[in-house]
Amino acid sequence: MTGIRELLLSRIRDVADYPEPGVMFKDITPLLADPAAFAALSDVLADIARATGATKVVGLEARGFILGAPVAVRAGLGFIPVRKAGKLPGATLSQAYDLEYGSAEIEVHAEDLTTADRVLVVDDVLATGGTAEASVQLIRRAGAEVAGLAVLMELGFLGGRARLEPALAGAPLEALLTV
Ligand SMILES: O=P(O)(O)OC[C@H]1O[C@H](OP(=O)(O)OP(=O)(O)O)[C@H](O)[C@@H]1O
Ligand SMILES: Nc1ncnc2[nH]cnc12
């Protein structure tokens, strides 16, 4: 795992003052462009999906789609997109939240999750935890259980883990990297 972590970390680019002054943006596009690194990441996240007993993978728009979809395929699970407001055509559940730079609202198709589901949420970055917390609230409101949250990287100084732990209620929060 140490070798994989070093590989993943080496493929994340720091971009200062993006999208606004004071933010150090963690750009995963070099990782996505490296097939060995992207495959290794997908394999580790799929192992987490299996270990949590998840029945579905939720990916958070947009980067959570890119990371979550191969995890769902590898683990043999359905993939459910949680989208920014106004993008899903069917009946939705919505949740507003704040993030490191601004505020937003996310939605899921109400019919995509049932009381029989255990859901692993996948995303690239855990920053303030606002996005992940809103996704957990959506999943619970849909009647499903949260199996866990798996992210490529956690920005430890923003305190997202402490914010999320009460919402996760014992479900695991797996961050492959902490920066
Ligand atoms: O922990 P938080 O403070 O909520 O921040 C983390 C979220 O911010 C980024 O998404 P963003 O909303 O920028 O969307 P994008 O993936 O479409 O760029 C990132 O991909 C996470 O989803
Ligand atoms: N610093 C950051 N880099 C990349 N994605 C983020 N989402 C929230 N904060 C972020």
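Numbering starts at 1 and runs along the sequence shown. Each ligand, and each atom within it, is numbered from 1 in the order the structure gives. Because only heavy atoms are used, hydrogens play no part in the values below, and waters and symmetry mates are left out as well, while side chains stay in.
- For ligand 2, one of its N or O atoms has an N or O atom of Met24 under 3.5 Å away.
- For the pair Val125 and ligand 1, a heavy-atom separation below 4.0 Å is found.
- Contact annotation: Gly129 has at least one heavy atom less than 4.0 Å from an atom of ligand 1.
- Only backbone heavy atoms of Glu61 (N, CA, C or O) come within less than 4.0 Å of ligand 1; its side chain stays farther off.
- Arg140 places a side-chain N or O within donor-acceptor distance of the main-chain N or O of Ala167, the cut-off being under 3.5 Å.
- Counting heavy atoms under 4.0 Å from ligand 1, residue Asp124 touches it through the side chain alone.
- Residue Leu155 touches ligand 2 through its side chain alone, judged by heavy-atom distances below 4.0 Å.
- The existence of a salt bridge linking Glu154 and Arg161 is confirmed by a sub-4.0 Å separation between a basic side-chain nitrogen and an acidic carboxylate oxygen.
- Atoms of ligand 2 found under 4.0 Å from any heavy atom of Ala127, numbered from 1 in the order shown, are 8 (C), 9 (N).
- Residues Met153 and Leu176 have side chains not in contact (no heavy-atom distance under 4.5 Å, counting atoms from C-beta outward).
- Between the side chain of Asp117 and the backbone N or O of Val119 there is no donor-acceptor pair closer than 3.5 Å.
- Heavy-atom distances between Lys84 and ligand 1 reach below 4.0 Å in at least one pair.
- Between Asp124 and ligand 2, not a single N/O pair is under 3.5 Å apart.
- Between Thr128 and ligand 1, at least one N/O pair is under 3.5 Å apart.
- With a 4.0 Å heavy-atom cut-off, ligand 2 is reached by the side chain of Arg63 but not by its N, CA, C or O.
- Backbone and side-chain nitrogen or oxygen atoms of Ala132 are examined, and none is located within less than 3.5 angstrom of a nitrogen or oxygen of ligand 1.
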- prompt: Checking side-chain contact (heavy atoms from CB on, under 4.5 Å) for the pair Val151/Asp124: CA distance, chi angles, key distance, verdict?
  reply: CA-CA 5 Å; Val151 296; Asp124 63 334; over 6 Å; no
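- Contacts between Asp123 and ligand 1, counted as non-hydrogen atom pairs separated by less than 4.0 Å, involve the side chain only.
- Within the listing of ligand 1, atoms 2 (P), 4 (O), 5 (O), 6 (C), 7 (C), 22 (O) sit less than 4.0 angstrom from a heavy atom of Thr131.
- Between the CG atom of Leu31 and the CZ atom of Phe38 there is a distance of 7.5 Å, given to the nearest 0.5 Å.
- In the model, Arg118 has no side-chain atom that pairs as donor or acceptor with a side-chain atom of Thr52 under 3.5 Å.
- Between the Arg63 side chain and the Val125 main chain, no donor and acceptor come within less than 3.5 Å of each other.
- Taking a cutoff of 4.0 Å between a charged side-chain nitrogen and a carboxylate oxygen, Arg83 and Glu107 do not qualify as a salt bridge.
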